[in-house]
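These notes concern the structure reproduced below.
Atom set for the values below is all heavy atoms of this structure, side chains included, hydrogens, waters and symmetry mates excluded. Note that ligands are numbered from 1 as they come in the structure, with each ligand's atoms numbered from 1 the same way.
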Amino acid sequence: MRNLILFGPPGAGKGTQSAFLVEHYQLVHLSTGDIFRANIKGDTELGQLAKSYMDQGKLVPDEVTIRMLESEVNKHPQAMGFIFDGFPRTTAQAQALDVFLESKGQSIASMCALEVPEAELKTRLLARAETSGRPDDANPEVIQKRIDVYNHETAPVADHYRAAGKYQGIDGVGSIEDITQRLTEAIGA
Ligand code: AMP
């Protein structure tokens with residue numbers, strides 16, 4: 001089983017690159033942002049709760065997010081591995097993921113971190129707003145809040161995997177194909 005974390009700030013290209021990696025490595029893609037958005041669309045209780053945080057660019061509380069992620073993993077007992085996209089976003093989430101995977105005799109193989117300068121992230125997110133329909137992409141204040149939250153709460157998660165020798169930084173600027181190539185070289189066969 002191969003479990004990968006695709007890491008990086010909002011707008012780094014995690015969703016775009018996940019689509020390729022899922023196909024190439026036959027993995028199950030779990031994007032916590034996508035799952036929250038599906039719940040918002042379905043007007044579930046979880047969706048209503050998540051929306052109140054997402055609209056402000058804040059993180060959904062750890063307890064709710066971790067429970068949801070574990071339940072999603074448990075829906076795929078036959079998976080050859082997972083790509084975690086947008087999770088873990090706090091050190092508490094990373095620790096919970098370690099414990100959860102360990103209880104299944106599993107672990108994270110690697111964290112691939114897409115590195116993109118802040119100015120480029122903002123340009124990309126505003127461009128994405130034209131097609132994504134995401135309210136959190138369309139508002140420059142919410143974009144700034146998401147980037148600040150990333151810098152303060154999420155970036156430290158990289159240290160957790162660095163300490164375990166699992167961190168791989170990838171230059172996230174360039175064509176989609178070039179970045180895919182860098183990722184596959186980093187991940188290996
Ligand atoms: P994303 O689609 O990854 O950009 O996530 C969109 C929004 O969903 C974030 O700004 C958060 O409000 C929420 N979210 C997604 N993943 C997480 C997570 N792992 N922990 C807390 N909130 C999350």
*More than 12 heavy atoms from other groups under 6.0 Å of NZ on K104*: yes

For [atom], what's the nearest protein heavy atom and its distance?
atom	answer
atom 4 (O) of ligand 1	R134 NH2, 3.1 Å
atom 23 (C) of ligand 1	F36 CE1, 3.8 Å
atom 16 (N) of ligand 1	T32 OG1, 2.8 Å
atom 11 (C) of ligand 1	K58 O, 3.5 Å
atom 15 (C) of ligand 1	R89 NH1, 3.4 Å
atom 13 (C) of ligand 1	M54 CG, 3.7 Å

*Nearest to atom 22 (N) of ligand 1 by heavy atom, L125, V157, V60, D136: which?*
V60

*Hey, which atoms in ligand 1 end up nearer than 4.0 Å to a heavy atom of R146?*
4 (O)

*Sub-4.0 Å atoms of ligand 1 with respect to non-hydrogen atoms of Q93*: 18 (C), 19 (N), 20 (N), 21 (C)

Identify whether the distance between the nearest side-chain nitrogen and carboxylate oxygen of [X] and [Y] falls below 4.0 Å.
X	Y	answer
E63	R67	yes
R146	D137	yes
E185	R182	no

*Just heavy atoms, cut-off under 4.0 Å: does T65 contact ligand 1 by side chain, backbone, both, or neither?*
side chain

_Any R37 heavy atom less than 4.0 Å from ligand 1_ = yes

*Under 3.5 Å between some N or O of ligand 1 and some N or O of F87?*
no

Could you verify whether a donor N or O on one side chain and an acceptor N or O on the other, from [X] and [Y], lie under 3.5 Å apart?
X	Y	value
S107	E102	no
Q144	D148	yes
E153	T90	no

*Can you spot which of L69, D62, V157 makes a side-chain contact (heavy atoms from CB on, under 4.5 Å) with Q93?*
D62

